[in-house]
Structures are given as structure tokens and as C-alpha cells.
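Step one of this worksheet: look at the structure below.
Keep in mind it's a predicted model, so treat the numbers as computed, not measured. In the text below, chain A, chain B and the rest are named by the order of the sequence lines, each starting its count at 1.
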Amino acid sequence: MTLRLFDTATREEREFAPLTPGKVGIYLCGPTVQSSPHVGHLRSAVAFDVLQRWLERSGYQVSMVRNVTDIDDKTLAKAAEAGWEWWAWALRYEREFQAAYAAVGVKPPAAEPRATGHIPEIIAIIARLIDNGHAYEHGGSVYFDVRSYAAYGSLTRQALEDLTPAPDAPADDKRDPRDFALWKARKDGEPETASWESPWGRGRPGWHIECSAMAQRYLGDEFDIHGGGLDLRFPHHENEQAQSRAAGYGFARLWMHSAWVTQSGAKMSKSLGNGLLVSEVLEPHEPAALRLALAAVHYRSMLEYSPSTLDEASAQWARFQGFVSRATERVGAPTSTDLATATLPEGFVEAMNDDLGVPRALAVIHETVRAGNAALAAGDDAAVAGALVGARAMLDVLGLDPAAPEWAAERAGASDTAMAALDFLVRADIDARAAARASKDWATADAIRDRLAGAGIVIEDAADGARWSLAADS
RNA sequence: GGUGGAGUGGCCGAGAGGCGAGGCAGCGGCCUGCAAAGCCGUAUACGUGGGUUCGAAUCCCAUCUCCACCUCCA
């Protein structure tokens with residue numbers, strides 16, 4: 001069975017066939033870096049990170065391009081208000097986004113281009129659109145002529161006459177009120193550094209044209225997948241597609257859109273004031289639990305976020321972690337080759353191939369972990385080893401292998417040497433407790449356990465002796 | 001007004017004509033000195049009203065409610 005993906009443009013699942021065999025080019029709309037990232041931003045990033053990991057596991061070489069929109073009206077306005085240079089303001093938030101992505105295990109993209117670094121490419125496309133009659137200049141600004149392009153509205157199935165006017169310029173300046181800006185003439189009061197020379201005078205690019213230019217620069221005239229949040233479909237993606245295709249390029253062959261995070265049914269967003277900052281969520285919870293919570297729901301379904309969401313994810317994460325560490329202690333860690341070549345359960349593969357069915361894939365992982373835990377209790381080491389390899393390989397596809405370096409290090413928040421030293425100290429207490437238990441001195445044994453618990457160290461008794469671990473953060 | 005999406009057990013969430021996904025919480029049991037972890041078991045679930053069908057959460061009709069995009073938005 002091959003991978004099938006839901007194409008938002010045709011609204012149906014389609015068999016995925018890359019333009020170039022063995023390779024996949026993906027353009028993902030990244031953040032507009034004008035304020036701190038919230039949980040919703042991470043959901044989109046995690047969803048496409050899982051796509052990348054599944055494609056890679058399936059043998060493809062993936063070029064993921066995720067842009068940074070580092071200039072726009074809001075960035076300029078907010079920076080001015082704060083007395084910052086706009087570029088310093090943008091970079092500050094770009095760093096916050098990068099840190100947030102990294103925290104939840106999103107792989108760094110192959111390219112992370114900034115809009116302001118691609119002015120020549122942007123100008124070239126605009127010039128081409130003017131030449132072929134799909135764009136026109138007025139007062140130093142350039143607009144896309146929506147009526148010149150018959151397919152306008154096709155991505156989102158909207159008729160031109162049903163749309164409300166684009167508000168990015170006075171209607172008088174445009175041939176049609178729904179025309180949108182490709183190039184914005186510099187306005188009085190805007191910083192000199194926020195404008196560039198162009199055939200139409202100084203100015204800066206419109207939002208949509210940036211993505212058309214960067215996608216083409218890194219992925220070519222036509223590429224496999226364009227992704228982004230569902231809220232970008234219109235006008236952003238509709239306009240991107242119109243520009244690029246009107247300019248004569250094939251552009252994206254398939255569109256994927258991730259749904260958003262809701263709270264009490266309402267979309268999480270800054271403008272509604274219900275945006276939950278990543279920094280707030282990560283304060284009491286492990287990043288891996290946040291990633292699990294965001295990945296666990298199918299990417300096209302709304303994800304209802306509540307205070308218990310992270311508690312539940314933490315519990316699941318502890319279950320995965322517990323099995324992996326117990327099983328590893330018993331049968332040893334599989335080699336990276338074992339993990340890379342492991343045959344994944346059929347149910348898992350089918351679920352992932354069916355438009356990334358992570359919820360069903362997760363169910364298979366739970367089944368594997370349950371079988372592994374049972375084998376652990378039964379002393380069936382061969383079965384334990386099999387379950388360990390399988391579970392880790394599947395979890396890795398979701399970016400959630402507990403033994404992967406990013407999570408293993410995060411868990412302890414300490415280096416290997418510090419952990420070894422801690423183990424040496426705790427071991428003495430465990431031995432003392434074992435002696436007390438041997439002589440049925442339960443009071444002493446419990447006192448030792450309680451004392452360790454007070455220090456955040458959890459003791460678990462097993463048939464072959466006690467083991468310790470650090471308590472979960474939450 | 002236009003274009004879409006959603007209503008599933010206490011909660012989160014899959015599924016999309018016929019064996020009650022999975023997780024979290026709860027309850028009972030096993031294990032344990034007690035715990036913890038783990039395992040086993042445990043649910044009159046599919047917004048409402050009709051209809052089609054041997055059989056519907058899944059199809060059809062009607063209806064109610066909620067959400068989103070058409071402003072910046074992942």
C-alpha cells in the first residue's frame with residue numbers, strides 16, 4: 001500500500017507520487033515573526049514534521065522549506081511602538097520560534113529562508129506578471145489583477161463576486177477592489193531600512209508574493225507539497241497559487257492544511273486573547289508531552305485543548321518511557337541499524353499511509369507496549385526485544401522515541417556523568433532498603449522510600465530488585 | 001450573504017453499513033509486606049426527528065447547535 005494524502009485543492013485523498021522519484025519537495029508556510037509562538041503554531045510544525053519523518057521512513061529524501069516572514073505591517077508597527085528596529089524585533093521572535101520548534105523535536109528544515117533575503121526573486125516574478133498582463137503598477141505599488149486570471153478562487157472554490165474587497169489599499173487605486181498588493185510603495189514614516197529599490201520605486205513586497213518567490217527559489221517551478229495552517233488557505237494560498245500559475249509556473253501539486261487548536265471550541269489565536277504561549281505550557285510540562293498531545297489528534301481535525309490535555313499526554317508519555325527504559329534494562333538497547341530496518345506492524349503502516357492516521361498508529365504503539373510489558377512480566381526476553389525495537393521505531397516516526405537523544409537528555413536535565421553520580425548515591429539507599437525489607441523492617445524501608453520521594457526520586461520494586469527514576473515534572 | 005468543517009461513553013479522540021480503535025480518569029481483580037509500575041476485566045457512546053436496509057454512529061431527507069475562512073493569523 002502506498003501513501004495517500006488528502007489534497008485540500010481537490011478535497012480528496014490522492015495517491016502520492018513525487019515529481020522526482022525518491023525525492024519530495026515541501027514548502028511550508030512558517031511564522032510571521034512579530035510575537036511569541038503559541039501552542040497552535042507548534043501544532044502545524046509538528047504535523048508537517050511527522051509528514052517528513054514518515055516520508056523519510058518510507059525511503060524518500062525530503063527537502064523541507066519553511067519560510068520566515070520577517071517583515072509585514074504588524075512587525076513594523078509593533079517594533080515602532082516598542083522603539084525597536086524592525087529587523088531586531090523580527091529576529092528576536094524568529095529565535096523564539098526556532099527554540100519552540102526545537103523544544104518539541106521538530107527537525108530543522110532543509111532551508112529556512114527569510115522574505116527580506118529574496119527581494120530580487122520577488123521583483124522578478126512581479127515583473128513577469130506585469131509583462132504578461134496579470135499585474136499593474138499604480139502609485140509605486142503593484143497589484144495582481146484578479147480578473148485577468150480565470151482560475152482565481154479555484155483553490156478555495158470561491159466565486160470572485162462573493163469575495164469581499166482586499167483591504168490592503170484604497171479601492172480607487174485598484175482596477176478591482178479584490179486585487180491584492182504584490183509590491184507596496186514605501187509610505188511616509190516607514191523606516192528607510194524597510195524598503196528596497198525596485199523598477200516601481202522604493203517599497204517592500206506584499207505578503208503572498210514572498211512565498212511564491214521562495215518556493216520557486218528552493219524547490220523549482222513546480223514542487224510536490226505545499227503545507228500550512230488551514231487559516232492560510234484564503235487569501236494567502238489562493239493568492240500564492242494565482243501569482244505563480246499566472247506567471248507560468250506549475251507551483252504546488254498538492255496542498256495540505258493542518259487544523260487548529262481550540263479552547264472550549266474556539267480557535268486559539270492571539271487576536272482572540274486565548275493564545276496559550278509555548279513558554280507557559282512548557283513551564284510545568286515536558287516538551288515531549290506537548291509534542292505527543294499535538295501529534296495525537298489527526299492533523300485535519302480540530303484539537304480541543306484543555307488543562308487536562310497535557311496531563312493525559314504526560315501519562316501516556318510516562319507509559320512509553322517506562323516501557324522503553326525497563327525493556328532496555330532487561331535486553332539492552334537495539335542498534336540504530338536494528339531500528340532503521342525494523343519491520344513496522346502492518347496496522348501502523350496502513351494507518352500512516354492513509355493520510356497520516358496518527359491516532360490509529362498510536363493505538364498500534366499502545367498494543368505493542370502492552371504486549372512488551374506482558375512479556376517483561378512473563379520473562380520472555382525475545383518478545384521484549386521485539387516489542388522494544390518495534391515500539392521505538394514506530395515512536396520515532398512520530399518524533400517520540402523516548403531513547404532519542406533529545407528526549408533522553410531532556411528527561412534528566414542532567415549530563416550522563418551527573419546521572420551516574422546520582423545513581424551511585426541512590427544505589428546506597430536502595431541497598432539499605434533492600435536489607436531492611438529482607439529483615440521485614442517495613443518502617444525503615446518505607447522511610448527510605450519516602451525520603452527519596454521527597455527528593456523527586458521514585459522507587460519501583462520489581463522481581464529482580466528495585467529501580468529508580470526521577471519523578472515526572474507535573 | 002459566499003465557502004468549508006464539526007456534533008461519538010466522565011474527558012480526549014479514531015472509525016465511516018454488520019465483530020464496541022486507542023488513551024486518560026473511574027471501578028473490580030492479579031501481583032506487592034504496603035505502594036508504585038505492570039497485567040487482566042469492566043461502559044444502555046455515536047445532536048434530534050424521520051426514512052432506506054435483514055442490519056445504520058456510518059447511506060438519504062429534515063432539523064437543531066457549534067466552529068472557521070471571506071481582516072492579520074499555524
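Val261(A) comes within contact range of at least one nucleobase, with a heavy-atom separation under 4.0 Å. The residue Asp446(A) sits close to a base: some heavy atom pair falls under 4.0 Å. Residue Arg433(A) is in base contact, counting any heavy-atom pair closer than 4.0 Å across all strands shown. His236(A) comes within contact range of no nucleotide atom at all, as no heavy-atom separation falls under 4.0 Å.
Of the two residues near RNA chain B, Val369(A) and Ser306(A), the one whose nearest nucleotide lies more 5' is Ser306(A).
Panel note: side chain Ser314(A), backbone Leu310(A); a donor-acceptor pair is recorded below 3.5 Å.
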Base, backbone or nothing for each nucleotide of nucleotides 17-32 of chain B, written B, S, -, heavy atoms under 4.0 angstrom, 5' to 3'? ----BSBS--------
Nucleotides 1-8 of chain B: protein proximity per nucleotide (B base, S sugar-phosphate only, - neither; heavy atom, under 4.0 Å): BBSS----
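Salt-bridge check for Asp49(A) with Lys107(A): failed, with every basic side-chain N at 4.0 Å or more from each acidic carboxylate O. Salt bridge present: Glu329(A) and Arg467(A) bring a charged side-chain N and a carboxylate O closer than 4.0 Å. Looking at Asp355(A) and Arg4(A), no side-chain N of the basic residue comes within less than 4.0 Å of a carboxylate O on the acidic one, giving no salt bridge. In this structure, Arg360(A) pairs ionically with Asp354(A), as a charged nitrogen and a carboxylate oxygen lie closer than 4.0 Å.
One cannot find a donor-acceptor pair under 3.5 Å joining the base of rA37(B) and the side-chain atoms of Arg326(A). Within 3.5 Å, a donor on the side chain of Lys74(A) pairs with an acceptor on the base of rC72(B), or the reverse.
Note that CZ of Arg14(A) is 7.5 Å distant from CZ of Arg253(A), once rounded to the nearest 0.5 Å.
Of the candidates rA74(B), rC72(B), rA68(B), the closest approach to any side-chain atom of Met268(A) belongs to rA74(B).
Taking atom C1' in both rG23(B) and rG1(B), one finds a spacing of 42 Å when rounded to whole Å. Rounded to whole Å, the C1' atom of rG28(B) lies 29 Å from the corresponding atom of rG15(B). Atom P of rA56(B) sits at a distance of 12 Å from the matching atom of rG51(B), rounded to the whole Å. Comparing rA14(B) with rU8(B), their P atoms are spaced 11 Å from each other, to the whole Å.
Under a cutoff of 6.0 Å and an axis angle of 45°, Arg300(A) and Phe6(A) form a cation-pi pair. Annotation: cation-pi geometry satisfied between Arg92(A) and Trp89(A) (NZ/CZ under 6.0 angstrom from ring centroid, within 45° of ring axis).
If you measure from atom CZ of Phe97(A) to atom P of rA74(B), you get 6 Å, rounded to the nearest angstrom. Atom CD of Gln321(A) and atom C1' of rG38(B) are 16 Å apart (whole Å). Counting to the nearest Å, the P atom of rG13(B) and the CG atom of Leu294(A) are 12 Å from each other.
Within the 4.0 Å cut-off from OP1 or OP2 of rA14(B), at least one side-chain nitrogen or oxygen of Ser301(A) is found.
Annotation: side chain of His208(A) is in contact with side chain of Pro235(A) (closest heavy-atom distance under 4.5 Å).
For Glu12(A), the CD atom counts as densely surrounded, since its 6.0 Å shell holds more than 12 non-hydrogen atoms of other residues, nucleotides or ligands.
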